[in-house]
Amino acid sequence: VKLPLSGGCLCGALRYEISEAPLLTYTCHCVDCQHLTGSAFSLAITVPDCAFRLTKGEPRVVQRTANSGRIVERWVCPGCGSWLSGGPQPGATSDEMIRRVRAGTLDDASWLRPTAHFWTRRKQPWVVLPDGDQIFETQPG
Amino acid sequence: MAKITGGCLCGTVRYTAEADPTSATVCHCRDCQKFTGSAFAALVLVPKEALAIEGRLKTFSSIGGSGNAILRHFCPGCGSSIAEEPGTRPGMVILNVGTFDDPAIAKPAREIFRDDALPWVHVDADIPRFAKRPA
């Protein structure tokens with residue numbers, strides 16, 4: 001994979017760069033992810049937060065209380081509504097902080113291959129997951 | 001036809017529609033990937049007069065793969081991708097099925113822009129697949 005990775009929202013108001021290869025690529029089929037994407041699941045890569053740099057624009061920061069009770073932050077483009085990433089997690093120190101970036105916003109997502117799938121209990125029946133991947137019925141522990 | 005209810009993640013936008021959810025389109029185009037942040041969009045076509053929306057949407061307009069304008073509507077509060085209006089289909093609105101209260105009522109009937117599909121994405125149905133948009 002050629003670094004840095006680059007991406008942005010649909011209208012181009014928000015742009016980012018990622019200087020390190022993803023730690024994990026996964027899909028999440030939870031109901032919140034279906035509602036927010038309007039699609040059947042969300043697709044994410046996790047990267048060290050320090051490797052993520054917003055190079056253009058100001059996101060709208062949307063806060064929501066997850067089923068777990070944790071407050072989840074999401075960065076959304078105010079101009080086109082694209083969901084770009086999560087926010088940095090509260091409480092984590094900067095070197096252990098992980099950022100989840102919505103992989104559909106990468107300029108090139110064709111090389112990505114998810115290896116884990118979360119909340120498959122909520123998966124739409126017509127979505128077929130690749131053989132041999134890690135399957136989690138809900139959130140991984 | 002079925003009565004479809006849905007809305008955004010934060011609950012600001014709600015809608016009801018009369019449409020056939022068993023004729024959904026899975027669109028793999030890059031714009032749908034960026035708008036959803038996901039691998040594809042899953043879409044159900046509704047005549048405009050069969051759709052009632054409560055709450056304010058925000059709209060982003062761009063040029064679609066056909067060269068015509070496409071309006072993309074989303075919730076200004078939470079960013080949920082709710083609906084599109086393609087210039088190629090006047091009088092029609094496309095709902096993003098993930099915003100249905102019960103997305104499981106939707107069944108794919110075609111895949112379009114398969115040329116842009118992420119290679120691991122597999123839709124389990126014996127349905128027509130188009131490299132770009134259907135003729």
Engineer: Check whether B:Ala83 gets within reach of chain A through its side chain, its backbone, both or neither, counting any heavy atom under 4.5 Å.
Structural biologist: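 Neither; nothing under 4.5 Å.
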
Engineer: Looking only at heavy atoms, which two atoms of A:Ser42 and B:Ser38 are closest? And how far apart?
Structural biologist: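 Closest approach of A:Ser42 to B:Ser38: CA-OG, 3.9 Å.
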
Engineer: Linking I/L/V/M/F/W/Y whenever their side-chain heavy atoms sit closer than 4.5 Å, directly or via other members, would A:Leu5 and A:Leu23 fall into one cluster?
Structural biologist: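 Cluster IDs for A:Leu5 and A:Leu23 differ.
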
Engineer: Can you tell me if A:Arg70 has over 12 outside heavy atoms packed within less than 6.0 Å of its CZ?
Structural biologist: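 Counting neighbours around CZ of A:Arg70, 12 or fewer heavy atoms of other residues, nucleotides or ligands fall under 6.0 Å, so no.
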
Engineer: Taking B:Leu9 as the fixed residue, which of A:Val31, A:Leu36, A:Val62 is the one that meets the side-chain contact (heavy atoms from CB on, under 4.5 Å) rule?
Structural biologist: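 Answer to the side-chain contact (heavy atoms from CB on, under 4.5 Å) test with B:Leu9 among A:Val31, A:Leu36, A:Val62: A:Leu36.
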
Engineer: Would you give the length of the straight line joining atom CD of A:Gln63 to atom SG of B:Cys10, rounded to the nearest 0.5 angstrom?
Structural biologist: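 These two atoms lie 13.0 Å from each other.
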
Engineer: Counting only non-hydrogen atoms closer than 4.5 Å, does B:Ala125 touch chain A with its backbone (N, CA, C, O), its side chain (CB onward), both, or neither?
Structural biologist: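 Neither part.
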
Engineer: Under 4.5 Å heavy-atom distance to chain A, tell me which part of B:Leu118 shows up: side chain, backbone, both or neither.
Structural biologist: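 Answer is side chain: those atoms of B:Leu118 sit under 4.5 Å from chain A.
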
Engineer: So which of B:Ala42, B:Cys32, B:Pro103 has the largest heavy-atom pair count under 4.5 angstrom toward chain A?
Structural biologist: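 Of the options given, most contacts go to B:Pro103.
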
Engineer: Please identify, among A:Cys9, A:Pro114, A:Pro125, the residue contributing the most non-hydrogen atom pairs under 4.5 Å to chain B.
Structural biologist: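 Most heavy-atom pairs under 4.5 Å with chain B: A:Pro114.
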
Engineer: Below 4.5 Å from any heavy atom of chain B, which atoms of A:Ala109 appear? Answer side chain, backbone, both or neither.
Structural biologist: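 It is both, since atoms from each part get that close.
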
Engineer: Would you check if the side chain of B:Arg30 reaches a backbone N or O of A:Asp107 as a donor-acceptor pair within less than 3.5 Å?
Structural biologist: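 Such a contact is found between B:Arg30 side chain and A:Asp107 backbone.
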
Engineer: Which distance, rounded to the nearest 0.5 Å, do you find between the CD of A:Gln124 and the NZ of B:Lys107?
Structural biologist: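 Interatomic distance, A:Gln124 CD to B:Lys107 NZ, rounded to 0.5 Å: 9.0 Å.
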
Engineer: Verify the cluster assignment for A:Val127 and A:Leu43: are they in a single hydrophobic cluster under the rule of side-chain heavy atoms below 4.5 Å apart?
Structural biologist: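 Yes, same cluster.
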
Engineer: Identify which part of A:Thr105 has an atom lying under 4.5 Å from any heavy atom of chain B, answering side chain, backbone, both or neither.
Structural biologist: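 Both backbone and side chain of A:Thr105 come within 4.5 Å of chain B.
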
Engineer: Taking atom CZ of B:Arg89 as the centre, report whether more than 12 heavy atoms of other residues, nucleotides or ligands fall under 6.0 Å from it.
Structural biologist: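 At most 12 heavy atoms, drawn from other residues, nucleotides or ligands, come within 6.0 Å of this atom.
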
Engineer: Hydrophobic cluster membership, with links at side-chain heavy-atom distances under 4.5 Å among I/L/V/M/F/W/Y: are B:Leu71 and B:Val46 in one?
Structural biologist: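 No, because B:Leu71 and B:Val46 fall into different hydrophobic clusters, even though each may have its own neighbours under 4.5 Å.
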
Engineer: First locate atom CD of A:Gln34, then atom CG of B:Asp102, and finally report the distance between them rounded to the nearest 0.5 Å.
Structural biologist: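 So the CD of A:Gln34 and the CG of B:Asp102 are separated by 9.5 Å.
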
Engineer: Can you tell me how far CH2 of B:Trp120 sits from OG1 of A:Thr27, rounded to the nearest 0.5 angstrom?
Structural biologist: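 Reported to 0.5 Å precision, the distance equals 6.0 Å.
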
Engineer: From A:Arg74 CZ over to B:Ser80 OG, what is the distance, rounded to the nearest 0.5 angstrom?
Structural biologist: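 Reported value, rounded in 0.5 Å steps: 8.5 Å.
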
Engineer: Are A:Val47 and A:Ile98 co-members of a hydrophobic cluster defined by side-chain heavy atoms under 4.5 Å apart?
Structural biologist: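 A:Ile98 does not cluster with A:Val47.
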
Engineer: Given a strict heavy-atom distance threshold of 4.5 Å, which part of A:Cys11 is in contact with chain B: side chain, backbone, both, or neither?
Structural biologist: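 Contact with chain B is through both the backbone and side chain of A:Cys11.
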
Engineer: Give a yes or no on whether B:Glu18 atom CD has more than 12 heavy-atom contacts from other residues, nucleotides or ligands under 6.0 Å away.
Structural biologist: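 Yes, the 6.0 Å shell around CD holds more than 12 heavy atoms from other groups.
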
Engineer: By a 4.5 Å heavy-atom criterion (distance strictly below it), what part of B:Pro76 contacts chain A: side chain, backbone, both, or neither?
Structural biologist: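 The backbone, not the side chain.
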
Engineer: Hey, which of B:Pro108, B:Ala104, B:Ala117, B:Ala39 has the most heavy atom pairs under 4.5 Å with chain A?
Structural biologist: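 The option with the most such pairs is B:Pro108.
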
Engineer: Look at A:Arg102, A:Arg113, A:Arg64 and state which one has the largest set of heavy-atom pairs under 4.5 Å with chain B.
Structural biologist: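 Answer, by heavy-atom pair count under 4.5 Å with chain B: A:Arg64.
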
Engineer: Which one, A:Ser85, A:Pro78, A:Ala40, A:Cys33, leads in non-hydrogen pairs under 4.5 Å with chain B?
Structural biologist: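 Answer, by heavy-atom pair count under 4.5 Å with chain B: A:Pro78.
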
Engineer: May I ask you to decide if A:Gly81's main-chain N or O and B:Lys58's side chain share a donor-acceptor pair within less than 3.5 Å?
Structural biologist: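 Such a contact is absent between B:Lys58 side chain and A:Gly81 backbone.
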
Engineer: Of the backbone (N, CA, C, O) and the side chain (C-beta and beyond), which part of A:Leu106 lies under 4.5 Å from a heavy atom of chain B, both, or neither?
Structural biologist: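 A:Leu106 touches chain B through backbone heavy atoms alone.
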
Engineer: Would you say A:Arg60's side chain and B:Gly77's backbone share a donor-acceptor pair under 3.5 angstrom?
Structural biologist: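 Flag set: sc A:Arg60 to bb B:Gly77 pair under 3.5 Å.
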
Engineer: Under a 4.5 Å heavy-atom cut-off, does chain B meet the side chain of A:Leu112, its backbone, both or neither?
Structural biologist: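 For A:Leu112, backbone heavy atoms alone lie under 4.5 Å from chain B.
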
Engineer: Below 30° counts as parallel, above 60° as perpendicular, anything between as tilted: where do the rings of B:Phe40 and A:Phe41 land?
Structural biologist: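 If you compare the ring of B:Phe40 with that of A:Phe41, the planes turn out perpendicular.
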
Engineer: Among A:Gly7, A:Ser82, A:Cys80, which residue has the highest count of heavy-atom pairs closer than 4.5 Å to chain B?
Structural biologist: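 Sorted descending by pairs with chain B, the first entry is A:Cys80.
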
Engineer: Where the side chain of B:His122 meets the backbone of A:Trp126, is there a donor-acceptor pair that is under 3.5 Å apart?
Structural biologist: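 No; zero donor-acceptor contacts below 3.5 Å.
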
Engineer: Could you tell me whether the side chain of B:Ser81 and the main chain of A:Gly38 form a donor-acceptor pair under 3.5 Å?
Structural biologist: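 The answer is no, because no donor-acceptor pair under 3.5 Å joins these two groups.
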
Engineer: In the single-linkage hydrophobic clustering (I, L, V, M, F, W, Y; side-chain heavy atoms under 4.5 Å), do B:Ile70 and B:Phe60 co-cluster?
Structural biologist: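 No, separate clusters.
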
Engineer: Starting at SG of A:Cys77, measure out to CZ of B:Phe35 and round the result to the nearest 0.5 Å.
Structural biologist: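 Rounded to the nearest 0.5 Å, the SG-CZ separation comes to 10.0 Å.
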
